[in-house]
Structures are given as structure tokens and as C-alpha cells.
Colleague: 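Pasting a structure below so you can have a look.
Numbering starts at 1 and runs along the sequence shown.
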Amino acid sequence: VVKTETGYKKLKELQMLQSSIYILISKLIFELNVEKRISFYLPLSKKNKRNNKIYFHLKPFSKYTANLEISMQSPFAKRLLKLDLRIYHEAQLGEVVRFQNFHVSLLDIFQTNLKFGFQKDERLQWNSFAEEFLKLSIKEGRSVESFIPPRF
């Protein structure tokens, strides 16, 4: 197989995305080598004021890897949307390994600057979406629990 300059540029872009995903996950979950379950609310859009509960389940797979399952109820159908990521601790990379029940209308709900369509390189698209989703989660996520103690 002959690698073209375009192929190397795409590989480099994918690795940059995977590095960014690892950093973003590290900001959301502090210890990546311990099994954890966290959840929070995420506003769907400026038009729709309803919040959607997002679930993160981190499960160590080996000394060097972990699996992260991100799930939420679809606002369109009674389906669970799942985004499965593999985290590589030594390389400090995170990569989408499965994208279940994805609906194109999610792009209207989760505002993003990226243009998605069905291209040859779905892997790049999935990782781009995961990066944008994690950025949105950090910026707009709302805790399920109240951390402010009552005043009385």
C-alpha cells in the first residue's frame, strides 16, 4: 500500500483529534484508571430548553487501556444513543470505536461548526463529533447533584 501525502495528512489530523479527545476526557473524569459512572444534564439547544441526561461509564480494560461508554436517550425516538471510546493511557489518545443509533438530526441539537455527511472516512467524522461533544459537555454540562449546601 502506497501512502500519499493526503493519507498522511488525514492520519495526522486523526491523531490530533484523538489526542484532543484524551485531554477532554481527562478534564471530565479525573482518574482514568478506575471504574467510574458519572452523569450530568446537557441542554439540547437554544430553541429546546429541555435538558437531556448524559451517562459516562468508564471501565478499565487493562493496565494501558480503558473503555468509555457515553450514552443518552435519543430525543427523536425511544432509542439509546451510544458512543464507545477506547482510551490509550500510554499514548494519551482516545478514539471512537463504535457509534450506535446516530441520527443526523443530532447535529441540529448539538450545535457544531463541523459539516458532517457520509464520507469515506467515517472514523474521522466520529472522532470529530466526539471532540465537539466533549467540548460541549465541559462548557454546558449541568451537574445532576447540587454541590451548594443549604443555608438553613
Colleague: Calculate, to the nearest 0.5 Å, the distance between atoms CD and OG belonging to E131 and S19 respectively.
Modeller: 9.5 Å

Colleague: Any side-chain heavy-atom pair from E95 and Y22 closer than 4.5 angstrom?
Modeller: no

Colleague: Looking only at atom types and distance, does a side-chain atom of S20 sit under 3.5 Å from a main-chain N or O of M16, one as donor and one as acceptor?
Modeller: no

Colleague: Going by salt bridge (Lys or Arg N to Asp or Glu O under 4.0 Å), name the pairs with one or both residues in residues 13-33, residues two or more places apart or in two chains.
Modeller: E31-K36

Colleague: Is there a path of hydrophobic side-chain contacts, each under 4.5 Å between heavy atoms of I, L, V, M, F, W or Y residues, that connects I23 with L93?
Modeller: no

Colleague: When hydrophobic residues are tied together by side-chain contacts of less than 4.5 Å, even through go-betweens, does L134 share a cluster with Y55?
Modeller: no

Colleague: Nearest 0.5 Å, what's the CZ-CG distance between R98 and L83?
Modeller: 10.5 Å

Colleague: With hydrophobic residues grouped by side-chain heavy-atom distances under 4.5 Å, do L85 and V34 end up in a single group?
Modeller: no

Colleague: Would you confirm whether N127, through its side chain, and V96, through its main-chain N or O, come within 3.5 Å as a donor-acceptor pair?
Modeller: yes

Colleague: Could you measure the distance from the CD1 atom of I70 to the CD1 atom of I38? Nearest 0.5 Å is fine.
Modeller: 9.0 Å

Colleague: Please determine whether side-chain contact (heavy atoms from CB on, under 4.5 Å) holds for the pair I87 and L58, giving the CA-CA distance in whole Å, both sets of side-chain angles, and the decisive distance to 0.1 Å.
Modeller: CA-CA 9 Å; I87 299 167; L58 178 71; 3.7 Å; yes

Colleague: Is there a side-chain contact (heavy atoms from CB on, under 4.5 Å) between N67 and D84 once you walk through the steps?
Modeller: CA-CA 7 Å; N67 292 326; D84 293 330; over 6 Å; no

Colleague: Could you give the distance from CG (L42) to CG (L136), rounded to the nearest 0.5 Å?
Modeller: 4.5 Å

Colleague: Are M72 and L28 grouped together when hydrophobic residues (ILVMFWY) are joined by side-chain heavy atoms under 4.5 angstrom apart?
Modeller: yes

Colleague: Linking I/L/V/M/F/W/Y whenever their side-chain heavy atoms sit closer than 4.5 Å, directly or via other members, would F40 and F133 fall into one cluster?
Modeller: yes

Colleague: Can you tell if the side chain of P60 reaches within under 4.5 Å of the side chain of E35, non-hydrogen atoms only?
Modeller: yes

Colleague: Does the plane of the ring in F99 sit parallel, tilted or perpendicular to the ring in F129? Use 30° and 60° as the thresholds.
Modeller: tilted

